[in-house]
Amino acid sequence: MHEYTSAARVWGLTCPGFPEEVSRARRWTRDILRGSPLAEDAELIVSELSANAILHTASGRDSGSFHLALAVSAQVIALSVTDGGGAGAVPKVEHQDQEAEHGRGLGMVTAIAHRVVVHDSDGGHTVTAELFTDVHRGGHPC
């Protein structure tokens, strides 16, 4: 293989900011990862991140949208959701009491994924969750 090429495959999908698009994002993820032992975790992550974009940012407003990117290599599955901005705050894990109806999504993503990174992206934020395909005890990749 040439030193500048990668064995990673990358897909992208832009969805309107409607709640029903969360299920579309899950199906899209499931179809791409069909047969992977990490497909269910990836679906849950995409569902939570997509719902957060719609609920907490301009992605869920009139004419809003969110963008998904899925990169798959032999070592990692990276799932990214970019929101439409307007939240005023960086996405972060909230510690909610047991009666709270919202606020646990990013915490669940952080618990499932091996690594989660949040960065600014064109007025909004991109949350990327990585699932390592081969992990040693202690959660570290091989």
Evaluate the side-chain proximity of Pro16 to Arg24: yes if any heavy-atom separation is below 4.5 Å, no if none is.
-> yes
Got Val81 and His67 here, is their nearest side-chain heavy-atom distance under 4.5 Å?
-> no
Between His114 and Phe132, what is the shortest heavy-atom contact and its length?
-> ND1-N, 2.8 Å
Ser73 side-chain N/O to Ala7 backbone N/O, donor-acceptor pair under 3.5 Å = no
Are any side-chain N or O atoms of Ser59 and backbone N or O atoms of Ser65, one a donor and one an acceptor, separated by less than 3.5 Å?
-> yes
Verify same cluster id: Leu49, Phe18 (apolar side-chain graph, 4.5 Å) | no
Cluster check Val46, Val10: I/L/V/M/F/W/Y, side chain < 4.5 angstrom | no
Heavy atoms of Ala113 and Ala129 approach each other most closely as CB-CB, 3.9 Å
Enter the distance from Ser23:OG to Arg30:CZ here, rounded to the nearest 0.5 Å.
-> 9.0 Å
For the hydrophobic clusters of this structure (ILVMFWY residues joined by side-chain heavy atoms under 4.5 Å, transitively), does one cluster hold both Leu68 and Val117?
-> no
Between Ser80 and Thr128, what is the shortest heavy-atom contact and its length?
-> OG-OG1, 2.7 Å
ILVMFWY network linking Ile77 to Met108, side-chain heavy atoms under 4.5 angstrom | yes
Heavy-atom pair with the smallest gap, counting every atom of Ser50 and Phe66 | OG-CE1, 3.4 Å
For residues Leu106 and Asn52, report the shortest heavy-atom separation together with the two atoms involved.
-> N-ND2, 3.9 Å
Which pair of non-hydrogen atoms, one from Arg61 and one from Gly86, has the smallest distance, and what is that distance?
-> NH2-O, 3.6 Å
Can you tell me how far CG of Leu33 sits from CG of Leu79, rounded to the nearest 0.5 angstrom?
-> 7.0 Å
Between atom CZ of Arg27 and atom CG of Leu13, what is the distance when rounded to the nearest 0.5 Å?
-> 10.5 Å
Measure the spacing between CG of Leu44 and OG1 of Thr29 and express it to the nearest 0.5 Å.
-> 11.0 Å
Residue pair Ile45 / Val109, side-chain heavy-atom distance below 4.5 Å = yes
Spatial distance of atom CG (Asp83) from atom CD1 (Ile54) [nearest 0.5 Å] | 11.0 Å
